[in-house]
Each structure stands twice: as C-alpha cells, then as structure tokens.
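Both ligands and their constituent atoms are indexed starting at 1 by order of listing. All values reported here derive from a predicted model rather than from experimental measurement.
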Amino acid sequence: MMSEEQGRRRYRIAYALSPKKVESFIQPSLLNLADQRGIDLFPLQLSKPLIDQTPFDCLIHKLSSPDWINQLLRFISENPNVVVIDHPDAIERLHNRITMLQVVNNLNITPDDQLSLAIPNQLFVDTPTQSLFDALASKSINFPVIAKPLVADGTAGSHQMSLVFNEEGLRGLDLNPPFVLQEFVNHGGVIFKVYVAGKHIQCVKRKSLPDISEEKLGVSENSLSFSQISNVTAQEQSDDQSVGKVMEAAELPPSSFVNEVATELRQALKLNLFNFDMIRDSKVGGRYLVIDINYFPGYAKMPCYETVLTDFFLDIVQQKQSEGEPV
Ligand SMILES: O=P(O)(O)O[C@@H]1[C@@H](OP(=O)(O)O)[C@H](OP(=O)(O)O)[C@H](O)[C@H](OP(=O)(O)O)[C@H]1OP(=O)(O)O
Ligand SMILES: Nc1ncnc2c1ncn2[C@@H]1O[C@H](COP(=O)(O)OP(=O)(O)O)[C@@H](O)[C@H]1O
Ligand SMILES: [Mg+2]
Ligand SMILES: [Mg+2]
C-alpha cells in the first residue's frame with residue numbers, strides 16, 4: 001500500500017537569485033521544511049538558457065541583467081502554465097523611488113478618523129537646477145529633507161542617502177540628478193517593516209534615524225550621509241541599550257490597518273514578494289507614511305520565515321493545480 005508521503009504530488013520550484021541572496025534566503029531550514037511539505041526548491045543554472053531547464057511548477061527570482069529579463073519575458077510568454085513570481089514589469093516599478101510610492105496615493109483604504117496613510121512631500125529633480133530652494137518652497141517642503149537616488153536597483157549607490165538640515169547643506173552636497181528630495185518626518189526613531197508573501201503579512205520594528213528637534217536643527221551639521229540605517233540584525237539592535245528601549249516601547253500599528261495596507265498594495269502592485277517601510281508621524285497621531293517598498297527583501301530576518309515562505313509556496317502551486325483541474 002502507498003504511504004501518504006508516497007501518494008502526495010511533489011512540486012518543483014526553481015530559484016534564480018544572486019549568490020548573496022542564495023546565502024541569506026536559501027537556508028537549510030527552509031529547504032528542509034519545504035521538502036517535508038512536498039516542495040523541491042532547486043537553483044537554476046544561470047549559465048544555461050532558462051528555456052532548457054524545465055520542467056518546474058514555479059519560478060522565483062531577483063536578478064536584473066537585461067539578458068535575464070529578456071529570457072524571463074520570453075519564458076513567460078511561451079510557458080503560461082509555469083507560475084513566475086513575479087512579473088518583471090511589476091517589479092520594475094519598484095526600481096524607481098517616484099513610481100514606487102505613486103501607487104500608495106491611489107490605494108482604497110477604508111476611511112478612519114484615527115488612522116491615515118500618506119507618503120512624505122517630495123520633489124523630483126532630474127536635471128541640474130539653480131533653483132532647488134524655490135522648487136522646495138513651491139511644494140511647501142521644509143528642512144530637513146532626505147536626498148535619495150531616484151534609482152532603487154539594489155546597488156550600493158541606490159541606498160546612499162543624505163540627510164540635509166538646511167540650505168547650506170544642500171549647497172555643499174554634490175548631488176547627481178536624478179534624485180528625490182523628500183521631507184524628513186519625525187517618527188520616534190522606529191520604522192515598521194511589513195513583509196508580504198502573497199496573502200501572508202508580518203510587521204516588525206526596526207531602528208531608524210532619530211527625531212530631529214527644532215533646537216538640533218539650529219546647531220547641527222549641515223548634512224549627514226548614511227546608508228541602510230535599518231539594516232541591522234535584531235541582535236545588533238538590542239546591543240545598543242538606549243535604542244533597544246525605544247524599540248521595545250514602540251507600539252506596532254494596528255494589525256487590521258497593516259493588513260489592509262499590505263493587501264491593497266499587493267493588489268495595486270501586482271506583486272507577491274515585497275516589503276514596505278512605514279513610519280508613524282510623531283506630530284499627527286495615527287498618521288502613517290510609506291517611505292520605501294522593496295522587491296524580494298531579506299525574508300530570513302523575519303521570525304518564522306521558513307513557515308511563512310513554505311505556506312506561500314504551497315498556496316501558489318496548489319492554486320495553480322486547482323486551476324488546471326477539470327471542474
Ligand atoms: O540583504 P538583506 O537581507 O538585508 O535584505 C535587503 C533588504 O533589507 P530588509 O529585508 O528590508 O531589511 C533591503 O531593504 P531596505 O531597502 O534596506 O529597506 C532591500 O530590500 C535589499 O534589496 P536591494 O538591495 O534593494 O535589492 C535587500 O537585500 P538583498 O538581500 O535582496 O540583496
Ligand atoms: N521621509 C523620511 N522621513 C524620515 N526618515 C526617513 C524618510 N525616508 C527614509 N527615512 C529613513 O532612512 C532610511 C532609508 O530610507 P529608504 O527610503 O528606506 O531607503 P533604502 O531603500 O535604502 O532602505 C529609512 O529606513 C528610514 O530610517
Ligand atoms: Mg528601506
Ligand atoms: Mg529600499
């Protein structure tokens with residue numbers, strides 16, 4: 001007699017990821033859990049044509065070379081029965097810090113007296129201009145601002161930012177257009193990272209830039225450069241005791257709100273694997289701002305990521321199977 005294990009259909013999920021991403025995401029604990037639940041995760045051989053590496057049920061990926069994107073587009077059009085997570089056109093929107101946040105303004109969030117969602121005021125600068133200050137003033141954008149590169153393509157440069165405290169700071173920086181000048185919003189030094197994997201949603205707290213008081217603004221330096229400030233592990237974070245206390249004390253946003261924003265974003269972006277950074281305005285109670293959206297982020301830093309991702313993989317392959325079955 002066949003055991004349940006023998007009888008269950010197994011699924012093949014291919015992955016195409018950078019070596020760094022393989023190291024962080026494809027942990028033995030994920031491979032083992034997926035295996036126990038009937039999923040074989042295996043690497044694509046990037047030196048060989050994608051089209052020659054079938055059969056598989058699903059493909060997950062985070063690579064951006066033009067050759068890869070071309071192969072992927074061709075593969076999608078020729079293999080409609082393979083689920084590709086996610087479509088390169090939908091991912092592309094997140095590689096630009098303006099288009100990434102545009103979608104937030106069009107979400108259908110249930111009106112609520114206590115809670116609201118927005119993005120910070122920002123100015124897009126695409127050519128060298130003499131009149132940055134006039135442009136900021138005309139959009140009522142106040143200092144401090146953060147200068148962010150327009151492109152968010154995962155390169156070190158795309159994470160390189162400057163906090164600019166005043167006009168002098170802006171003059172002193174060698175900013176290369178295209179970039180975005182985004183109003184800095186005091187938010188208590190904590191950001192909320194909301195991880196989405198299909199219908200699975202998880203919100204965690206991370207360290208952020210501290211608030212900037214009016215007094216500090218008068219006496220501080222003119223600008224400050226930084227990169228990936230929130231990208232520290234939970235251990236590193238709790239090593240700094242004062243920051244640890246602030247983090248601990250910070251209340252998470254209501255889960256119904258987080259779930260609604262995540263679900264709406266997932267639909268609007270047509271993406272399954274992403275996270276977004278959200279801050280809570282210190283001045284206006286219940287006002288949340290989305291400041292960043294990342295494709296296929298560092299899920300391994302999320303508690304129980306193996307379970308969440310395996311559940312998501314099963315959702316995908318089982319949905320695909322049920323769609324393929326005769327009714
Ligand atoms: O490397 P990790 O695990 O810190 O993940 C990075 C993300 O950190 P997070 O999970 O949000 O804390 C990180 O998020 P942030 O931009 O730091 O908010 C990015 O998603 C980064 O990808 P990329 O460099 O923008 O392509 C992610 O890097 P890749 O692993 O995709 O290279
Ligand atoms: N408008 C803002 N107001 C306050 N802090 C911000 C704002 N934008 C970014 N930050 C801080 O800067 C960090 C990096 O900015 P982010 O847009 O998330 O870039 P990255 O893609 O490199 O993560 C955020 O995690 C947050 O700590
Ligand atoms: Mg971020
Ligand atoms: Mg980002």
For this session: State, yes or no, whether a side-chain contact exists between Ile146 and Leu163 at a heavy-atom distance under 4.5 Å.
Result: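 Yes; the side chains approach each other to less than 4.5 Å.
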For this session: Check whether any side-chain heavy atom of Met278 sits under 4.5 Å from a side-chain heavy atom of Phe257, and report yes or no.
Result: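 Yes. Closest side-chain heavy atoms under 4.5 Å.
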For this session: Start with the C-alpha gap between Asp67 and Ser65, add the side-chain angles, then the distance that decides, and say whether side-chain hydrogen bond (donor to acceptor under 3.5 Å, both in side chains) holds.
Result: CA-CA 5 Å; Asp67 172 58; Ser65 75; 5.0 Å; no
Exercise. Counting no waters, how many protein N/O/S atoms sit under 2.8 Å from the Mg ion (ligand 3)?
Worked result: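 My tally for this metal is 2.
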Exercise. What about Phe56 and Phe75, are their ring centers closer than 6.0 Å?
Worked result: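 Yes.
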Exercise. What about Tyr195 and Tyr305, are their ring centers closer than 6.0 Å?
Worked result: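 No, they do not, as the ring centres are separated by 6.0 Å or more.
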For this session: At a heavy-atom distance under 4.0 Å, which protein residues reach ligand 2? Sort them by chain and number, would you?
Result: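 Those residues closer than 4.0 Å to ligand 2 by some heavy atom are Arg97, Pro120, Ile146, Lys148, His159, Met161, Gln182, Glu183, Phe184, Val185, His187, Ile191, Ser208, Leu209, Phe226, Ile229, Ser230, Asp277, Ile279, Ile291, Asp292.
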Do [X] and [Y] sit in one hydrophobic cluster, given that two such residues count as connected whenever their side-chain heavy atoms are within less than 4.5 Å of each other, even indirectly?
{"X": "Ile85", "Y": "Leu30", "result": "yes"}
{"X": "Phe133", "Y": "Val180", "result": "no"}
{"X": "Phe42", "Y": "Leu63", "result": "yes"}

Exercise. Does atom CD of Glu248 have more than 12 heavy-atom neighbours, drawn from other residues, nucleotides or ligands, at distances under 6.0 Å?
Worked result: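 Counting other residues, nucleotides and ligands, CD of Glu248 stays at 12 neighbours or fewer.
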